[in-house]
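One structure is given here, and the rest of the page talks about it.
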Amino acid sequence: MSNVFIAFQANEESRPIVDAIIVDNPEAVVVYSPGLVKIDAPNRIVINRETIEEEVGREYDLQEIHLNLVTLSGNIDEDDDQLTLSWNH
């Protein structure tokens, strides 16, 4: 089992994104550092547009996630509704 991760700038714009990721990935672990929020999870992280929209209270284009993205680890599978990080084995 390998971990994947995604990290964002620690700011108000990222907070609802991180909250949404935790809702959809209860096994994920969040590490807060000065200026950075890193989310680790075993095997995969699924980011759902709909969950982010519930957290931000408006329509959300998943491309907006890149505005505060710092780095990630894993293979990306992305469409208009979902972004998934995983290691293809």
Exercise. Decide yes or no on side chain to side chain contact (heavy atoms under 4.5 Å, CB included) for Asn43 and Trp87, but give the supporting numbers first.
Key: CA-CA 6 Å; Asn43 295 322; Trp87 290 115; over 6 Å; no
| Step by step, would you call Glu64 with Arg58 a salt bridge (charged side-chain N to carboxylate O under 4.0 Å, His left out)? | CA-CA 13 Å; Glu64 292 178 58; Arg58 64 172 177 83; 2.8 Å; yes
In sequence, state the C-alpha distance, the side-chain angles, and the governing distance for Val29 and Ile39, and then conclude on side chain to side chain contact (heavy atoms under 4.5 Å, CB included). CA-CA 6 Å; Val29 175; Ile39 304 165; over 6 Å; no
Go through the steps to decide whether Val31 and Val37 satisfy the test side chain to side chain contact (heavy atoms under 4.5 Å, CB included), and finish with yes or no.
CA-CA 6 Å; Val31 177; Val37 180; over 6 Å; no
Check the pair Thr51, Tyr60 against side chain to side chain contact (heavy atoms under 4.5 Å, CB included), reporting the backbone distance first and the verdict last.
-> CA-CA 10 Å; Thr51 309; Tyr60 188 85; over 6 Å; no
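Asn48 and Asp81 share no donor-acceptor pair across their side chains, judged by distance under 3.5 Å alone.
Pro26 and Val23 make their closest contact through CD-O, 4.1 Å (heavy atoms, listed as atom of the first residue, atom of the second, distance). When every heavy atom of Val4 is checked against every heavy atom of Gly74, the shortest pair comes out as CG1-CA, 4.2 Å. Looking at every heavy atom in both residues, Leu67 comes nearest to Gln9 through O-NE2, 3.9 Å. The two residues Pro42 and Asn3 come nearest to each other via the heavy atoms CA-OD1, 3.3 Å.
For the atom pair CG of Leu85 and OG of Ser73, the computed distance is 8.0 Å after rounding to the nearest 0.5 Å. In this structure, CG on Leu62 lies 8.5 Å from CD on Glu53, to the nearest 0.5 angstrom. Here the CD1 atom belonging to Ile65 is positioned 4.0 Å from the CD1 atom belonging to Ile47, to the nearest 0.5 angstrom. In this structure, Glu59 CD and Ile52 CD1 are separated by 13.5 Å, a value rounded to the nearest 0.5 Å.
Formation of a donor-acceptor pair under 3.5 Å by the Asn25 side chain with backbone atoms of Val46 is found in this model. Judged by distance alone, the side chain of Asp79 and the main-chain N or O of Gln82 form a donor-acceptor pair under 3.5 Å.
Atom CD of Gln63 has more than 12 neighbouring heavy atoms from other residues, nucleotides or ligands inside a 6.0 Å radius.
Under the rule for a side chain to side chain donor-acceptor pair (under 3.5 Å), Glu27 has no partner lying at least two apart in sequence or in another chain. Legend: residues meeting side-chain contact (heavy atoms from CB on, under 4.5 Å) with Leu69, ordered by chain and number and at least two apart, are Ile6, Phe8, His66, Leu72.
Looking at heavy atoms from C-beta onward, Asp77 lies out of side-chain contact with Leu83 at the 4.5 angstrom threshold.
Under a hydrophobic-cluster definition in which Ile, Leu, Val, Met, Phe, Trp and Tyr are linked whenever side-chain heavy atoms come within less than 4.5 Å, directly or via other members, Val70 and Tyr32 are assigned to different clusters.
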